[in-house]
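A quick write-up on the structure given underneath.
The sequence lines fix the lettering, A, B, ..., with proteins before strands; numbering per chain opens at 1.
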Amino acid sequence: MTAPAPAPVVSTTALRRSAVRRVPPAVVISFALVAFVLLWSVVPGLFTSHDPAVGVPADKFLGPSGAHWFGTDHLGRDLFARVVHGSASSVSSALIAVAIAVLVGGLIGLVAGFVGGWTDTVLARLVDVFLAIPEFLLAVIVVSSLGFETTNAAIATGVSAVGIFARVMRSEVLKTGRAVFVEAAYLQGGSRWHILTRHVLPNASRSVLTLAVLQFGYSILIIASLAFLGYGDPPPASDWGLLISVGKDYPLAPWLIYAPALVMIATVLSVNRISRWLRKTD
Amino acid sequence: MNRDYAKYALRRVLQAVVVILLAYMFTFVVISVLPGDPVTNTLRNPQNGFTEEEITRIVAYYGLDRPVYVQLWSSLSRFVVGDLGVSLRSGLPVTRQVGEVLGSTVVLALSALGVALVLAFGTAFGAQYLPRRVGRLLRAFPSLFLSMPNFVIGLVLINVFAFQLGLFQVIDSEGGLATFFAAVALGIPVSARVTEVLIANLDHEAGEEYASVARSRGLGRTRLFLRHLLKPSSLPVVTVIALTVGELLGGAVITEQIFGRTGIGSLVERSVTTQDLPVLQAIVTLAAIVFVVVNLVADLVYPLLDPRVRLGGTTSAARPEPRDLAEVVAP
Amino acid sequence: MAPQDRLTLDRVETPAATPDLLRVEGLSVAYGDNQVVTDVGFGLRRGESLALIGESGSGKSTIARAVLRLLPRGLGRATGRVEFDGHDVLSLSERRFRPLRGRRIGFVPQDPGNSLNPVRTIGAQAREAAALLGELNPAERKDLILETFAQVGLDDPRRVHDSYPHQLSGGMLQRVLIGLTVLPRPALIVADEPTSALDVTIQKRILDLLSRLRQDLDISLLLITHDLAIAAERADSLVVLKDGVVQEAGATAVVFSAPTSEYARKLHGDVPALNPDRYRHLRDRVRESGPPKIEVSGVTKTFTVEGRALTAVDDVSFVVEPGTTHALVGESGSGKTTTIRLLLGLEEPDSGSIKVAGEEVTGRSHASLRSIRRHLQLVYQNPFTSLDPKWTVKRLVGESLDRFGVGTRQERAERVRAALDSVGLGAHLLSRRPAALSGGQRQRVALARSLVLRPDVIVLDEPTSALDVSVQAGIVEVLLSLQAELGLTYVFVSHDLALVRQLAHTVSVVHRGRVVEGGPVATVFDNPRQPYTRALVESIPAPRPTVANGAS
């Protein structure tokens, strides 16, 4: 054995520790924004008194103003109310999608990585198939096979991400499985099950968690894309993607696109920022 | 090295073939569990105007009256010899129908890839070498790109450049400028991952000890970048680019629809609406083949580009595991 | 080169009595808010050598980088004055400083393995160094490069020239790097721990090479090292640093024979090479005799690597008496790690027998190995990887008690506390995770973990090589007291012969999978019979004798 390098140039642990304590302002804002959107989806009534489904025909195509923050649509419905009420479906579908991807993909990856051998080889080819079919195409055929509903779109989005989670979980399990502390636990008399549940999983799940947060944002976009193509619930539902899809037919009222698009982008951007922050803070 | 490489190449090719066959079967199964019955939905739809004989012929051809696994077997054996069947809607061979629109999508995807690469290399170089404040701003780009769905970018581009400025006509969907803007809409989200990886690699390489040692040999920043950092940081990007193929093909579904282009993407959309299963099956398989082949080529080329990669024994990790990228991607 | 007249203006203001080649005054360096070097000053005359000595976090590497202006951009900020050959290094613009780098000041880095660009050939990188000499055509440049490679002792310069870094060994790479550094004939070489990543015998050869080149080419040397013995052997003067502050400075003989600062004295006492008999009272007490604890006889293990058979352990035999320490000594790849993995039943030998406390280890099932391991524990080399980062100290130390279902919950907690206490750690650390512990504390936790089951035998795989000497001294002391108290038997794997001499009773010297020599430590070290053992023993740095005598 050679003597490992004794002196790092800077005491990196000290630097990292101080970085953990300070949460960057951008992350605080991101958390606040995501919290707002989550609140919208749980108690939309707190944020708007307008009815998302019933419009005042005389007020159609009003631009953004104090009375209608995001303006009104072709039926005179308040767009802000529609965005707020639509968030429930967008957020919950993204959660369903992530749950499916994490559970199914995570399980496949865990088994492949921990059991190894032939199981791993077989599962690896299966995962290759999931990865080879473009995510969005896969989501499209799954949703078209299940039927055009928002819940099905969420399931399809989840299925399309199974491959990624399986691969990340597998490589993390392999990496952790090779760690010295795992062998040490084995020498302490730990069984395989003990090592898997107490040492490998807690350490491997870190990057899966980060990926799950990232995937939450990405799922919002995919579900919106499916809704945009009309593969989700039909109007008067007000999924963000559907709102944009309807809005595109009225080029003279561009806020019908911009307002829901901005809300969506800001949400996803915040989620991404949180995911990156989680990744950096060990 | 050479024998090892041949062994490695053979193994990868065999894997690719297996994955393509599995992808075909997988797609078939997903599509066949459709709750609706394609015979009544499509064939007996008066709009499509099939005669009874034609319907009987198509049903017999696909064995639609037989159990799913028999259908799968006959379908797979036709696929192996290159027969992708007949469109339920037009009655034309699927290969012809797909072939007609393939060109347009290839043009769009390649232009989008071009846009993505220019954006990625520009951003990454700027993040490293422009003044720190600009660099910090550029570092937020991948995250931003990843948050913008292509349909929003497309709609905004159309709204601003077609409707407000009149730079291009939405009607002339295959025109140069129209194609350019479609490529921008498709390319921006795709560039996110490439940019992220490139920035991370450049940071990593610049912090490596050999960079300091090279500087201690009197090298300036420009020569350090060109001679030392550029190659090791862009090599792994080959892999990331290969992975973007899926995003390009998937994204084309929406981009083509918005920009009114006729291509693979819009064909998917139409086939979903009309439940034209053979066409869907063919396109998904084609996409999988393209993905697998492009990644296979990337895998085979990478060891030739990077002298560090040693093949042989158990080291199958010729290149970074694809979605370890997922970690890198997490912006 | 910068116009000379402008620089002489600076020089007038510093009335240096001696013509120092390098003069550092009031140097402070901060990374952000973190001050790592404070008001450091020293001078180095032409043709002389000076060593900066310190443990991790002492700021010695930072000083080296500040002199070369290679601090991380935007992060490190240096203030004070660094004067090289009349140039004020810190205030020069990058453009004016660059001609000095490489051409006048050379740099030899710490880890040769990552100090050359992995995707370019050695030759391509050597041309950069040759280009510093200017006015040479390509053929002349290549000749010069090959000549330099031969000069630094590379056997086949042409092959080296065309190789990629990963195709060469660490020792060869360090020769290449030294070659690239001396090629432009600099006046000063800054060497940052140039040998700490290398095997001991290679270490000596590299240091000899540096000394020879220095004399032949009249180059000054600024040597950065954590190893007081190496510094005393190789440098004319010493600067001892702790936490970025100079503790003591002066001529090597003076600092060494009569250290005035507390820290220098402690450091001196902690270096094994300088204090071979420090632990004699603990080591050489009377032991009860009994049957051997460990009997390894004729063990062989072959691995298949890339299609070729590689014999990692070849007919190895040794015996360890109860209550003693047996050292396995050898360089990397010698097979000592494989030997202990066989001993612990982590690998199966191809042939031979291994007995621990009279019980055969080989050919056992998983379950029966488990019962043997209760009495046979391992402490890993690197405490940064051997402790699960998610677990608290309490769980880590108590894991084996839980697994083997020892005692009640209360008793287990008590034993964990007792184990921690025996390695000198307080109960306040129980709820900490490894990240909140220092390297030395972590290794003590690992040691406590191996003690908690009260085993007879503990295998220690380079347990201190990742740690600073002062931390190492603490761990060694704990190990020896525990042995005296509990009658433990140790198998101690190490590359550090000086350390082995301090604490082991018997030794096996392992070379290429074979035991080349074995027996009592004193016999083997004082009268080595094999050339390999002799080379190892000679590689222990030996400070000039007049100096060493005055110390202990």
Practice problem: Count the heavy-atom pairs under 4.5 Å between each of B:Leu22, B:Thr285, B:Asn150 and chain A, then report the option with the highest count. | Solution: B:Leu22
Exercise. Sort out for me which residue in B:Thr105, B:Leu113, B:Val106 forms a side-chain contact (heavy atoms from CB on, under 4.5 Å) with B:Leu248.
Key: B:Leu113
Self-check item: Winner by heavy-atom pair count (cut-off under 4.5 Å) against chain B, out of A:Phe148, A:Phe130, A:Phe136
Solution: A:Phe136
Self-check item: A:Leu174: partners by side chain to side chain contact (heavy atoms under 4.5 Å, CB included), with sequence neighbours left out
Solution: A:Arg170, A:Arg178
Quiz item: Distance-only, no hydrogens or angles: does the B:Gln281 side chain make a donor-acceptor pair with backbone N or O of B:Ile31 under 3.5 Å?
Solution: no
Quiz item: Looking at B:Val292, B:Thr27, B:Leu249, B:Val284, which has the largest count of heavy-atom pairs under 4.5 Å with chain A?
Solution: B:Val284
Quiz item: side chain to side chain contact (heavy atoms under 4.5 Å, CB included) with A:Ser89: which residues, sequence neighbours excluded?
Solution: A:Ser93, A:Thr150, A:Asp239
Quiz item: Do the ring planes of B:Phe79 and B:Tyr24 sit parallel (below 30°), tilted (30 to 60°) or perpendicular (above 60°)?
Solution: parallel
Quiz item: Using a cut-off of under 4.5 Å for heavy-atom pairs, which of B:Leu155, B:Val152, B:Val268, B:Ile20 has the most such pairs with chain A?
Solution: B:Leu155
Quiz item: In terms of heavy-atom proximity below 4.5 Å to chain B, should A:Ile220 be classed as side chain, backbone, both, or neither?
Solution: neither
Practice problem: Select, from B:Gly246, B:Ala140, B:Ala16, the one with the greatest count of heavy-atom pairs under 4.5 Å involving chain A. | Solution: B:Gly246
Self-check item: Non-hydrogen atoms of A:Leu131 and A:Gly163 that approach each other most closely
Solution: CD2-C, 3.8 Å
Quiz prompt | Greatest number of heavy atom pairs closer than 4.5 Å to chain A - which of B:Ser271, B:Ser147, B:Ala252 | solution = B:Ser147
Practice problem: Can you tell which part of A:Ile265 gets under 4.5 Å to a heavy atom of chain B, answering side chain, backbone, both or neither? | Solution: both
Self-check item: Criterion side chain to side chain donor-acceptor pair (under 3.5 Å) on B:Gln257 and B:Ser266, from CA distance to verdict
Solution: CA-CA 6 Å; B:Gln257 212 248 355; B:Ser266 50; over 6 Å; no
Quiz prompt | Side chain / backbone / both / neither for A:Ala266 at chain B, heavy atoms under 4.5 Å | solution = neither
